[in-house]
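Comments concern the structure below.
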Amino acid sequence: MTDTEAITPWDRIRPHWSARTWLRTVHVVTGVPLALLASLTIVGLAVLSVILVWTVVVPVIALLVLFQAVRVLTWLQRCRFSAFLDVDIPAVPRRSEGGRNPLRLLFHAARTRSTWRQIGYHLLSSLISGIGFVVVVGAWSGSLVAAALAVRRWTLEGAWTSATFALLVLLSLALFVAGPWVVSGVTALDVIAAEALLGPSLSDELVLRVETLRESRAEVVDAADTERRRIERDLHDGAQQRLVSLAMNLGMARATLTDIPEPAREVIAQAHEEAKQALKELRDLVRGLHPAVLNDEGLDAALSGLAARAPFPVRLRVDMRERASPTIEAVAFFVVSETLTNIAKHARASSAQVAVDRRGDLLHLTVFDDGRGGADLDGGTGLRGLAQRVGSVDGVLRIDSPSGGPTTIRVELPCE
């Protein structure tokens, strides 16, 4: 016997009165006391705050209690939908509320759209739950009452063939069959209202998405900075030490092996010079990746090293009472390093000035040179790389470089 032949008519219609239908009925019934509690709480506290508005303190306390009660009521409604309908209504993402000051909490809740949307649902749920309760309970109880009257008429009067008996039976069956559809319609309307008013709006979801992307980007930037520090450490402790040893050995051979043929001495001398040049380039590379002094001594010491190695005079001023995060310091060092390199290559400047100071949660960085100007973000990859590196931490880069000079580059980096 196949699966199709094994399915009976009762198996096809039984889901109409399955446990899901009775859970939906319980959902409608339990919505009435919750809606009544919500309406009394919201209306009562709102009226109290209006009546005693002249006291100032009472309305503030009443509104604070109201907004907290709305959160609790919303949580209860979300639990009801999850328990009886298996509908998960996401919680509205909560933003920073600026401390524990009651007035700030009140202002934050009052200007948040989700608060008023939730209040709207709790007031609307009284109408939905009230009408739904009457319709659903009326359908189920009407079916039972009609069945009871039909049985009474049949047992007492024996008139099972009368038109009244037939009408009562048909009415009972019709209500019994229609009951699940009525319950489904009421709960579907309730779910639509709840998802629209209790769940996060499109703007809330966008805010949450932006915050998630910002955190992910910050993690990527931190991971990249950590990787640069690891590469710097490996180069410093590995390849750089081997090059130092090689250069020393070649230097000793160059100094001691004086009795070998001249071509061999020239080869050793050339190898010695190449090793020293490779060591210098590797050291420059290591400093450009992430200098160790930046971690140990901070931005002031690291930028002092850059200024000292520049091929032109650099006036440096650093005013930081508190260090920024390692990522922000690495970005600031990269900006100054790349800017001084660009000045040396393209600006034909005789001097430069670098100023770094922290004002609140922003790190302000200014690089000025008296070169020929004309620097443009679209003019090459160097400045675009700076803009991308600054933008990776939500910083701002501004360039003022008229043709003929001078050039001023201003950068703002968030310290937190």
Side-chain angles (χ1 to χ4, degrees), residues 1-43 73-89 120-199:
M1 184 172 58
T2 64
D3 294 340
T4 304
E5 295 174 345
I7 298 177
T8 64
W10 172 245
D11 292 330
R12 296 181 182 276
I13 64 174
R14 183 172 54 186
H16 193 60
W17 297 278
S18 64
R20 182 180 294 273
T21 298
W22 305 114
L23 287 175
R24 289 173 177 171
T25 303
V26 176
H27 172 84
V28 174
V29 174
T30 55
V32 174
L34 269 181
L36 181 62
L37 175 63
S39 298
L40 292 176
T41 301
I42 294 173
V43 174
L73 292 169
T74 299
W75 176 78
L76 291 174
Q77 291 285 9
R78 292 175 63 243
C79 291
R80 182 171 71 102
F81 279 92
S82 177
F84 299 125
L85 301 183
D86 197 23
V87 174
D88 183 20
I89 299 177
Y121 172 80
H122 293 308
L123 296 177
L124 181 62
S125 66
S126 301
L127 180 62
I128 296 175
S129 298
I131 296 177
F133 179 82
V134 172
V135 174
V136 170
V137 173
W140 291 123
S141 60
S143 176
L144 293 176
V145 170
L149 290 176
V151 171
R152 182 177 181 277
R153 188 173 182 81
W154 177 62
T155 56
L156 295 181
E157 302 178 12
W160 60 272
T161 59
S162 66
T164 304
F165 175 81
L167 288 176
L168 289 174
V169 171
L170 290 176
L171 178 62
S172 176
L173 290 175
L175 291 176
F176 186 69
V177 172
W181 289 330
V182 173
V183 172
S184 179
V186 172
T187 54
L189 179 62
D190 200 11
V191 168
I192 293 173
E195 290 180 340
L197 298 176
L198 294 184

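Hydrogens, waters and symmetry mates play no part in the numbers below; they use all other heavy atoms, side chains included. All residue numbers in this chain count up from 1 along the given sequence.
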(message) Can you list everything that forms a ring pair (Phe, Tyr, Trp, His ring centres under 6.0 Å) with W22? Sequence neighbours excluded, please.
(response) W140
(message) According to side chain to side chain contact (heavy atoms under 4.5 Å, CB included), who are the partners of V135, at least two apart in sequence or on a separate chain?
(response) I131, V182
(request) To the nearest 0.5 angstrom, please state how far the CH2 atom of W181 sits from the OG1 atom of T21. (result) 11.0 Å
(request) State, with a plain yes or no, whether a side-chain heavy atom of T74 is found less than 4.5 Å away from one of H122. (result) yes
(message) Taking salt bridge (Lys or Arg N to Asp or Glu O under 4.0 Å) as the definition, give me every residue that meets it alongside R80, ordered by chain and number, with sequence neighbours left out.
(response) D190
(request) Applying side chain to side chain contact (heavy atoms under 4.5 Å, CB included), name anything that partners L123, two or more places apart in sequence or on another chain. (result) I42, V43, I119
(request) Keeping the roles fixed (side chain from S143, backbone from A139), state whether a donor-acceptor pair exists under 3.5 Å. (result) no
(request) Starting at CD of Q77, measure out to OG of S125 and round the result to the nearest 0.5 Å. (result) 5.5 Å
(message) Are T187 and V28 packed together at the side-chain level, in the sense that at least one heavy-atom pair is separated by less than 4.5 angstrom?
(response) yes
(request) Mind checking the CZ-CG spacing from F176 to L144? Nearest 0.5 Å is all I need. (result) 8.5 Å
(request) Calculate, to the nearest 0.5 Å, the distance between atoms CG and CD1 belonging to L189 and I128 respectively. (result) 4.5 Å
(message) I'd like to check V87 versus E195 (side-chain heavy atoms, cut-off strictly below 4.5 Å). Are they in contact?
(response) yes
(message) Could you work out, with ring pair (Phe, Tyr, Trp, His ring centres under 6.0 Å) as the rule, every residue matching F81, not counting sequence neighbours?
(response) H27
(request) Could you give me the CA-CA distance, side-chain angles and deciding distance for L34 and L76, then say whether side-chain contact (heavy atoms from CB on, under 4.5 Å) is met? (result) CA-CA 8 Å; L34 269 181; L76 291 174; 3.9 Å; yes
(request) Keeping to residues at least two apart or across chains, list the side-chain hydrogen bond (donor to acceptor under 3.5 Å, both in side chains) pairs with something in residues 29-40. (result) S39-S126
(request) Indicate the atoms forming the closest heavy-atom contact of S129 with V32, along with that distance. (result) O-CG2, 3.8 Å
(message) For the CZ atom on R78, are there more than 12 heavy atoms of other groups (residues, nucleotides or ligands in this structure) within a distance under 6.0 Å?
(response) yes
